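Everything on this sheet refers to the single structure shown next.
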Amino acid sequence: MTRVPEVSFKDRRPCHNGDYDWYNLTTSEIFDGKRVVVFALPGAFTPTCSNFQLPGYDLSYHDFQALGIDEVWCLSVNDAFVMNAWFKSQNIQNVKPIPDGSGDFTYAMGMSVTKANLGFGFRSWRYAMVVNDGEIEHMFEEPGKVGNCPVDPYEVSNPETVLEYLKSYASKNV
């Protein structure tokens with residue numbers, strides 16, 4: 001298995017006075033000692049991400065927990081302000097945001113692609129992964145990874161595919 005890259009994300013968290021403070025969210029906090037699902041997508045407020053992927057994972061959260069997943073995280077090359085506004089607008093209750101605003105994690109994962117053809121610049125290729133205590137257990141990378149891809153595949157990084165893997169994994173490890 002491959003270990004996830006060590007990165008610190010610039011996040012915003014509520015503080016005691018009702019405002020928000022900057023917070024360094026580390027990969028150790030996200031992954032160490034837990035089995036988690038991370039799904040990465042090209043951008044907040046985009047059609048496939050907003051209509052299917054993020055709400056689908058949020059609705060399936062308890063199914064993931066029943067199959068031994070501690071947390072579900074959504075990663076995008078967007079800053080914390082954008083990620084928090086997007087989650088609020090989508091009324092996300094269970095999935096947690098990873099604001100990879102600088103793209104450091106995405107780049108270290110080898111998942112950075114240009115989307116200049118859409119005016120996005122560098123973003124994440126769409127994928128999901130199961131990570132067990134910082135080690136990548138299984139990857140679900142969308143096919144056809146290339147910069148300025150004319151299509152936006154969403155076939156294998158969806159919650160249904162990841163849940164099927166987890167069900168199969170659970171039945172083999174009973």
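As the structure is a computational prediction, the values presented were derived from the model and not from experiment.
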Check the pair Y20 / C15 against side-chain contact (heavy atoms from CB on, under 4.5 Å), numbers first and verdict last. CA-CA 5 Å; Y20 285 79; C15 60; 5.9 Å; no

Examine distances only and state if a side-chain atom of [X] and a backbone atom of [Y] form a donor-acceptor pair shorter than 3.5 Å.
| X | Y | answer |
| --- | --- | --- |
| T161 | S157 | no |
| S171 | S168 | yes |
| E29 | T26 | yes |
| W73 | V36 | no |
| E142 | E155 | yes |
| T46 | G43 | yes |
| T114 | A116 | yes |
| D100 | T106 | yes |

Counterpart residues, salt bridge (charged side-chain N to carboxylate O under 4.0 Å, His left out), relative to [X] (two or more places apart):
| X | value |
| --- | --- |
| K96 | E71 |
| D32 | R3 |
| K167 | E164 |
| R123 | none |

What side-chain donor-acceptor pairs closer than 3.5 Å can you find for residues 76-84, not counting sequence neighbours?
| from | atom 1 | to | atom 2 | distance (Å) |
| --- | --- | --- | --- | --- |
| S76 | OG | N78 | OD1 | 2.6 |
| N78 | OD1 | A44 | N | 2.9 |
| D79 | OD1 | F81 | N | 2.9 |
| D79 | OD1 | V82 | N | 2.9 |
| N84 | ND2 | A80 | O | 3.2 |

Minimum side-chain heavy-atom gap [X]-[Y] below 4.5 Å:
| X | Y | result |
| --- | --- | --- |
| P99 | K10 | no |
| C149 | V113 | no |
| I69 | Y61 | no |
| S124 | S112 | no |
| Q65 | D63 | no |
| E137 | Y169 | yes |
| L54 | I92 | yes |

Taking all heavy atoms of [X] and all of [Y], pick out the closest pair and write down the distance.
| X | Y | result |
| --- | --- | --- |
| P153 | P143 | CG-O, 3.4 Å |
| P159 | F64 | O-CZ, 3.9 Å |
| L25 | P97 | CD2-O, 4.3 Å |
| Q53 | A40 | NE2-O, 4.1 Å |
| V7 | D104 | CG1-CB, 4.1 Å |
| G68 | R35 | O-CB, 3.8 Å |

Working note: V130 + L166, criterion side-chain contact (heavy atoms from CB on, under 4.5 Å); need CA distance, chi angles, decisive distance, verdict. CA-CA 9 Å; V130 176; L166 292 169; 4.1 Å; yes

Cluster link [X] to [Y], ILVMFWY, side chain under 4.5 Å:
| X | Y | answer |
| --- | --- | --- |
| V4 | V38 | yes |
| M139 | L41 | no |
| V131 | W125 | yes |
| V72 | Y127 | no |
| I30 | I136 | yes |

Take C74 and F87, measure what side-chain contact (heavy atoms from CB on, under 4.5 Å) needs, and give me the verdict at the end. CA-CA 10 Å; C74 173; F87 272 55; 3.8 Å; yes

If the condition is side-chain hydrogen bond (donor to acceptor under 3.5 Å, both in side chains), which residues does T2 pass it with, not counting sequence neighbours? none

Between R126 and E141, does any side-chain N to carboxylate O distance fall below 4.0 Å?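 No.
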
Chi angles and distances behind the salt bridge (charged side-chain N to carboxylate O under 4.0 Å, His left out) call for D133, K34: CA-CA 5 Å; D133 194 23; K34 297 178 263 187; over 6 Å; no

Check ring-ring contact (aromatic ring centres under 6.0 Å, His included) between [X] and all other residues, then give those that pass, not counting sequence neighbours.
| X | value |
| --- | --- |
| F140 | H138, Y165 |
| F9 | F105 |
| Y23 | none |

Could you verify whether a donor N or O on one side chain and an acceptor N or O on the other, from N148 and K115, lie under 3.5 Å apart?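 No pair is found: no donor N or O on one side chain lies under 3.5 Å from an acceptor on the other.
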
Using a cut-off of 6.0 Å, state whether more than 12 heavy atoms not belonging to F45 lie near its atom CZ. yes

Between Q93 and N91, does the side chain to side chain donor-acceptor pair (under 3.5 Å) criterion hold? Intermediate values first, please. CA-CA 6 Å; Q93 301 295 311; N91 196 30; 2.7 Å; yes

Apart from [X] itself, what residues make up its hydrophobic cluster when side-chain heavy atoms of I, L, V, M, F, W and Y under 4.5 Å apart count as a link, directly or indirectly?
| X | result |
| --- | --- |
| Y154 | F52 |
| L118 | F120 |
| L59 | none |

